[in-house]
Amino acid sequence: MKIPFVKQSTIDYYQSCRKQGVSLFDFIHGYVYGRWCYNYIGLAGDKEPWWRYLWAPLILIINKHTPLLSNDKNRTGDSNQQKATWGDSYHGKPLPLDEAVKMVKINRAVNTEVSEQVLPYTRARDIVLNNPEKIVLLDCPCRSGMKNPCTPIDVCILIGDPFATFMLEHHPDKTRQITADEAVRIIKAEQARGHVSHAFFKDVMLGRFYAICNCCSCCCGAMKAQSHGLNMLCSSGYLAEVNADNCVRCGLCAEKCQFKAIGFNKESAFIREDKCMGCGVCVQVCSKDALSLRLAPEKGTPLLVDSI
């Protein structure tokens, strides 16, 4: 029986939560996250700072359950932690262009246990795409929360139900359904602008991949949090490297790098490996083929779509 005033996508999300054993608290958290995402995620913006005070009680509750910052007892990614940190429950993994494209071109359902090596966070266990043909484009909550955001705004890609339909029903003025080919065009255009693609995971989104965010360090809440010590991003598992013979020190790669991971010496560019997240944007913008990505086991294991 249809419940009055409750959208079908909300019912579908609740039923999915029950099947996955998600607690009532986490269901409510997930509903708030999706229903009021422009206020929830917009807390990191500068457009309406007064929202931060209204949401302070929720932040305190969340911090009690999932500490925002790592400490000696609760370190992000540590299987022996007493409590999962915010970075464990909600994080993004940068995707090189080829892998980001594959994520939206999957033409089959995927239900795979993902090891801690692939995504070194305790809450990201599953990649489950129950409805891979449903792709929804969303106005970026991070950019929408800025007074002078980077453009375009509509660059967040939601993949699979119940989340795609939930956002489509609850934010009809900020969403539209798109094809996989259009999603690929958006990802390529954003990376050409120097913006980073992230596969995002969140515990209350059934602990799984649900979106590809394409954003920049000046607008993205996750990148801002990362720069302030709140671990919301994990490395792609790659590092950029420089072919000094090809480098002409034009500076474009450093200009586009969102993580300030590229510097220059007298001969060529060089990579600050402690800052590089392996997103591959620099590789895409270098016209001299002076940059490439190499596997970096010390940074983690790449999320390889072909292997899931």
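Quick note: residue numbers are just sequence positions, from 1.
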Side-chain donor-acceptor pair under 3.5 Å between H170 and T175, yes or no? no

Flag for K134-T165: side-chain donor and acceptor within less than 3.5 Å: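 Side-chain D/A pair, T165 to K134: present.
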
Assess the residue pair L206 and C17 against the criterion (side-chain contact (heavy atoms from CB on, under 4.5 Å)); give the C-alpha distance rounded to whole Å, side-chain angles, the decisive distance to 0.1 Å, and a yes or no. CA-CA 7 Å; L206 307 181; C17 286; 3.9 Å; yes

Spell out, as yes or no, whether a donor-acceptor pair under 3.5 Å connects the side chain of [X] to the backbone of [Y].
| X | Y | result |
| --- | --- | --- |
| K202 | Y210 | no |
| T151 | I153 | no |
| R18 | Y13 | no |
| Q284 | A192 | no |
| K93 | S235 | yes |
| K299 | E273 | yes |

Please identify each residue that fulfils side-chain hydrogen bond (donor to acceptor under 3.5 Å, both in side chains) with [X], with sequence neighbours left out.
| X | result |
| --- | --- |
| E255 | none |
| D139 | none |
| S9 | E169 |
| E190 | R143, R193, H195 |

If you draw a 6.0 Å radius around CG in N148, do more than 12 non-hydrogen atoms from other residues or ligands fall strictly inside?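 Result for CG/N148: open.
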
Can you give me the closest heavy-atom contact between [X] and [Y], atom names plus distance?
| X | Y | result |
| --- | --- | --- |
| C253 | L291 | CB-CD1, 3.6 Å |
| C247 | A269 | SG-N, 3.3 Å |
| I262 | I271 | CG1-CD1, 4.0 Å |
| G278 | P96 | O-CG, 3.8 Å |
| A180 | I135 | CA-CD1, 3.8 Å |
| A222 | F200 | CB-CZ, 3.6 Å |

Compare all side-chain heavy atoms of [X] with those of [Y] and state whether any distance is below 4.5 angstrom.
| X | Y | value |
| --- | --- | --- |
| I178 | V136 | no |
| F209 | M103 | yes |
| C282 | C257 | no |
| S236 | P302 | no |
| S197 | P94 | no |

Is the positively charged end of K174 above the ring of Y38, judged by distance under 6.0 angstrom from the centroid and angle within 45° of the axis?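 Judged by the rule, K174 and Y38 form a cation-pi pair.
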
Take D12 and D161 through the test side-chain contact (heavy atoms from CB on, under 4.5 Å) and record every step on the way to the result. CA-CA 9 Å; D12 292 342; D161 277 337; over 6 Å; no

Check whether [X] and [Y] end up in the same hydrophobic cluster, where Ile, Leu, Val, Met, Phe, Trp and Tyr are linked by side-chain heavy atoms less than 4.5 Å apart.
| X | Y | result |
| --- | --- | --- |
| L295 | L239 | no |
| V248 | F264 | no |
| Y40 | M146 | no |

What's the spacing between [X] [atom1] and [Y] [atom2] if we round to 0.5 Å?
| X | Y | atom1 | atom2 | result |
| --- | --- | --- | --- | --- |
| N214 | I186 | CG | CD1 | 8.0 Å |
| Q258 | L233 | CD | CG | 11.5 Å |
| H198 | C220 | NE2 | SG | 6.0 Å |
| C142 | K224 | SG | NZ | 7.5 Å |
| L97 | K102 | CG | NZ | 11.0 Å |
| I187 | E99 | CD1 | CD | 11.5 Å |

Checking F163, Y14, F166 against Y31 for ring pair (Phe, Tyr, Trp, His ring centres under 6.0 Å), the one that qualifies is F166

Evaluate side-chain contact (heavy atoms from CB on, under 4.5 Å) for V104 paired with I157, printing each intermediate quantity in order. CA-CA 9 Å; V104 297; I157 300 169; 4.2 Å; yes

Pairing residues for F270 by the ring pair (Phe, Tyr, Trp, His ring centres under 6.0 Å) criterion, not counting sequence neighbours: none

Checking side-chain contact (heavy atoms from CB on, under 4.5 Å) between V196 and each of M277, M223, Q191, which is the one that passes? M223

Test of understanding: with side-chain contact (heavy atoms from CB on, under 4.5 Å), list the residues that count as partners of N246, not counting sequence neighbours.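 With neighbours one apart ignored, the set is N243, D289, A290.
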
After noting the C-alpha distance and the side-chain angles of C150 and C218, does the key distance pass the side-chain contact (heavy atoms from CB on, under 4.5 Å) rule? CA-CA 8 Å; C150 296; C218 49; 3.3 Å; yes

